[in-house]
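Residue indices begin at 1 and follow the sequence shown.
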Amino acid sequence: MAGITDRPFRDLVARFGAGLVVSEMVASQEMVQAKAAMRERAELGMNVENTAVQIAGREAHWMAEAARWLEGSGAVMIDINMGCPAKRVTNGYSGSALLKTPDHALRLIEAVVEAVAVPVTLKTRLGWDDDLRNAPQLAARAEAAGVKMVTIHGRTRCQFYKGRADWAAIAEVVEAVSVPVIANGDITGSDTARQALTASGAAGVMIGRGAQGQPWLLAQIAHNLFGALAPDIPEGSRLLDMVSEHYEAMLDFYGPELGVRVARKHLGWYMDHAGTADAAARRAVLTAKDPAEVLRLLGRALTPEDQVAA
């Protein structure tokens, strides 16, 4: 999730106990050519256990070079994105557009696997559209090329995020390969995670949009479904402390001017989770430009009304 799963957010999610976190998708050629913004997106992937750096591209040379550079910088896992549906990506023949050219997609996969010694994984969708649902075939060829895990979003590219994810269709991919398959799409809590696993037969689930505003969700699902250590979910003043810490981490990472703007979407999701009903307080948090003022306003926005009245 470009612009969302940046280093500060991934740090926070990992701290709660997620089994795996994945960087924002980074363009392979820009990564190699040392564009700072691209490398910042992948920064958490360096020398951090249970972290994958996700790359995208359409040329085998640049995909391989990016993978080599990342491995040399300490990345412990490389994830290939062939699932992004955004037009700015697919118009460049990257992301889920590669589902239309599986032979070319395989050449990219082979180039990355051959370039590095660390595990390589693949994330894609069911297919391009309902007439081209070729994820099982692509997954099988990817496994033969050396891919160690496949994540499938239960929609085609042409569905974008409309309708419901078809978890049952992921079962065809599970049957086609022997490596772990991870189900993705519309998983927002333990109940939907359990339903996705039952319908797909997948080995695990990947959470995207569901974690917005609740970075502990991955660890909470792992606890409820697999018996992992329960996360300490913050409430009340502890939630305010966590959000404030995340806000300050974003300011440090992006710099104050950009950080204030980038943080607003996260603050909005935190207020959604907290049930902030005061529209004026919400608007004030999301429009204030001074970081100290934002932190002051958050105290009221994230505090239940009965506590404010008291």
Side-chain angles (χ1 to χ4, degrees), residues 1-18 21-24 37 40-41 43-44 86 161 185-193 205-224 229-310:
M1 298 190 292
I4 299 172
T5 55
D6 54 20
R7 177 180 173 179
F9 188 62
R10 296 193 311 263
D11 273 342
L12 186 56
V13 172
R15 194 173 74 204
F16 275 106
V21 294
V22 185
S23 78
E24 298 173 86
E40 283 177 356
R41 288 181 178 180
E43 188 172 341
L44 182 63
Y161 295 99
D186 293 344
I187 299 170
T188 57
S190 297
D191 289 343
T192 49
V205 294
M206 178 174 283
I207 314 296
R209 293 170 294 164
Q212 294 171 175
Q214 42 184 352
W216 53 82
L217 181 64
L218 283 75
Q220 185 178 26
I221 291 173
H223 168 68
N224 291 339
L229 186 66
D232 183 11
I233 301 174
E235 297 179 350
S237 62
R238 292 174 57 247
L239 175 63
L240 176 60
D241 289 344
M242 186 211 76
V243 174
S244 299
E245 182 181 342
H246 183 194
Y247 182 71
E248 291 174 335
M250 283 186 280
L251 297 182
D252 289 340
F253 186 70
Y254 290 106
E257 185 175 349
L258 178 58
V260 166
R261 300 197 302 272
V262 171
R264 285 171 178 159
K265 53 181 174 285
H266 287 281
L267 299 183
W269 293 323
Y270 285 130
M271 288 187 285
D272 289 342
H273 172 77
T276 301
D278 187 335
R282 181 187 182 92
R283 184 167 55 253
V285 168
L286 298 181
T287 55
K289 297 180 181 179
D290 177 59
E293 179 68 2
V294 172
L295 289 171
R296 186 187 69 79
L297 292 166
L298 272 174
R300 180 175 185 86
L302 294 178
T303 303
E305 290 187 4
D306 57 343
Q307 294 184 26
V308 173

Tell me the side-chain hydrogen bond (donor to acceptor under 3.5 Å, both in side chains) pairs involving residues 282-291, sequence neighbours left out?
Asp272-Arg282

Partner set under ring pair (Phe, Tyr, Trp, His ring centres under 6.0 Å) for Trp216, not counting sequence neighbours
Phe16, His273

For Ala288, is there any backbone N or O sitting under 3.5 Å from a side-chain donor or acceptor partner on Arg264?
yes

At their closest point, which heavy atom of Val260 faces which heavy atom of Pro291, and how far apart are they?
CG2-CG, 3.8 Å

For the atom pair CD (Glu248) and CG (Leu295), what is the distance rounded to the nearest 0.5 Å?
5.5 Å

Between Gly299 and Leu240, the two heavy atoms sitting closest are CA-CD2, 3.7 Å

Give the ring-plane orientation class for His266 versus His246, where under 30° counts as parallel, over 60° as perpendicular and anything between as tilted.
perpendicular

Which of Ile4, Ile187, Asp186 passes side chain to side chain contact (heavy atoms under 4.5 Å, CB included) with Arg209? Answer is Asp186

Would you check, one step at a time, whether the test side chain to side chain contact (heavy atoms under 4.5 Å, CB included) holds for Val294 with Leu267?
CA-CA 10 Å; Val294 172; Leu267 299 183; 3.8 Å; yes

What's the verdict on side chain to side chain contact (heavy atoms under 4.5 Å, CB included) for Thr5 and Val22, showing C-alpha distance, side-chain angles and the deciding distance?
CA-CA 8 Å; Thr5 55; Val22 185; over 6 Å; no

CA sep, side-chain torsions, deciding dist, call: Asp11, Arg7, salt bridge (Lys or Arg N to Asp or Glu O under 4.0 Å)
CA-CA 6 Å; Asp11 273 342; Arg7 177 180 173 179; 3.6 Å; yes

Would you call Leu229 and His223 a side-chain contact if the rule is heavy atoms closer than 4.5 Å?
no

Measuring only between side-chain heavy atoms, which start at C-beta, is Leu12 closer than 4.5 Å to Met242?
yes

Distance check, rounded to the nearest 0.5 Å: Trp269 atom CH2 versus Phe9 atom CZ?
7.5 Å

Minimum-distance pair of heavy atoms, taken over all atoms of Leu239 and Ala274:
CD2-CB, 4.3 Å

Which heavy atom in Ala284 sits nearest to a heavy atom in Leu297, and how many Å separate them?
O-CD1, 3.6 Å

All heavy atoms of Val262 vs all of Tyr254, minimum pair found to be CG1-CE1, 3.6 Å

Here the pair of heavy atoms bringing Gln220 nearest to Ile233 is NE2-CD1, 3.5 Å

